[in-house]
There are 2 protein chains.
Amino acid sequence: MSAGAGKQALDQQAFINAALSVISDVGVEKISMRRVAAVLSVSPMAVYKHFSSKEELLTAALDEFISRSDVFPDASLPWEQWMEHVVRAMYAALASEISWVPVLGSLRLGENVTVVIDAFIEKLTGAGFTPEQSLQAFFSVIQLVIGAVCMKSSLQGALTPEGDAQVSPLTRAYLENPSARRLEIAPLFNTVVQAAPLDHSLPLLIEGLRSRLT
Amino acid sequence: MSAGAGKQALDQQAFINAALSVISDVGVEKISMRRVAAVLSVSPMAVYKHFSSKEELLTAALDEFISRSDVFPDASLPWEQWMEHVVRAMYAALASEISWVPVLGSLRLGENVTVVIDAFIEKLTGAGFTPEQSLQAFFSVIQLVIGAVCMKSSLQGALTPEGDAQVSPLTRAYLENPSARRLEIAPLFNTVVQAAPLDHSLPLLIEGLRSRLT
DNA sequence: ACCTGAACACCGTTCAAGT
DNA sequence: ACCTGAACACCGTTCAAGT
């Protein structure tokens, strides 16, 4: 917009993009105002012209991340399949940028979440649920996604290196004080822990919802 | 143990207790090695004789927190009620020390979680579920608790001051771009958001489980 | 308006040293 | 063995100043 001075003023979006690129490089836990500024070759203090704190920048970055995740399937699917797709897409998005997980509980949810809510209510009311049931279903489902992704990140020990016997830390803790019962359970334990967390909880929830409908 | 030199050597437990007291004073997000050391009137570096990093100290502190939470009700309750009690007790414990929530996804689960698992499997297999179903039910339930407590902490804007109209930040975001649909939903919105998150999701899950049993 | 530089009050962690 | 002191390489944020 300005004259050809080479460097036009940066806007909020530029800092949000920079923040997301830092996050995908080093993770949310290592992002810093200095790093974000460095991506834009700008002084660390420039960020404060656009966001009043690190938390505000992260809140905006999370909202942008959500809007880029694009979770909606074909609208013509029956509600059970539509919901399963949306939930799995949310889970996949968060699992692909797992470092968001620890801060999910401390950041405000923003504008783009409301778009997802609208779609959810539209679909479920169309299927015969009341608006209230639909809204409650949405929050139940979000709970499951967040919980699942927390489980995933806390059950597998942060970085599982390549080879290794692939025994999760919790499985190891479980077998440190063995008992008759534990030895009986142990074979199940590792497979259940390693399974995709949504595979059991999501069908349970959908079944619960279906039983409300009829 | 040593002579009456006034100050016997500190053990791991002393540092864990100090960490928990710092957490209950200032929250997990503000704990630091220096603060923990200060509680014990000791050099910050003393902590490293017992824990090799801050993360290890936090992992031990979380495990201790879990063991103190004491979630088990009367064993004679039918499984649905037993489970509802355990889940609500877990939720209440985490809600009372809400600052744990953000780190739940990044800390390893420790020994004391395995005790809870054992009790869960015992109860559910006694009610007719297979060991595998019981274990999966446990993880589904943990997902719900973690998700619910994340929702709670991220839906209410960190600190809701006393009076105020009590409109959650998400509700406000929802009404910033109103539409016919949104105005219709709005009255529900705030009440659903403010409700205890488990009140809807937990019955759904239990209903789903019950339908598996028969 | 937007950005910079220096400074303040903190961090986690290492290392050599004390008793 | 257990703890200390000083130091290193970082943080978020404030403030006065530059253009």
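So that the names make sense, note that chain A is the first sequence line, chain B the second, and so on, each numbered from 1.
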Does the pair B/R182/A/D118 count as a salt bridge with the N-to-O cut at 4.0 Å?
yes
Per-nt protein contacts along nucleotides 7-12 of chain C (heavy atom under 4.0 Å; B base, S backbone sugar-phosphate only, - none) come out as B---BB
Under 4.0 Å between a side-chain nitrogen and a carboxylate oxygen: does that hold for B/R88 and B/E84?
yes
When you compare C/dA9 with D/dA9, how far apart are their P atoms, in angstrom units rounded to a whole number?
22 Å
Strictly by Watson-Crick or wobble contacts shorter than 3.5 Å, is anything paired with D/dT19, and which nucleotide is it?
C/dA1
What distance do A/L107 atom CG and B/S154 atom OG have between them, rounded to the nearest 0.5 Å?
8.0 Å
Search all heavy atoms of A/H50 against all heavy atoms of A/Q12 and return the closest pair with its distance.
ND1-N, 4.0 Å
Is the closest basic N to carboxylate O distance between A/R172 and A/E176 below 4.0 Å?
no
Please report, rounded to the nearest Å, how far the P atom of D/dA17 is from the NZ atom of A/K49.
15 Å
In the strands shown, is D/dC8 matched to any nucleotide by a Watson-Crick or G-U wobble pair with both distances under 3.5 Å, and which?
C/dG12
Which residue, A/F139, A/W82, A/F72, A/F129, forms the ring pair (Phe, Tyr, Trp, His ring centres under 6.0 Å) with A/F120?
A/W82
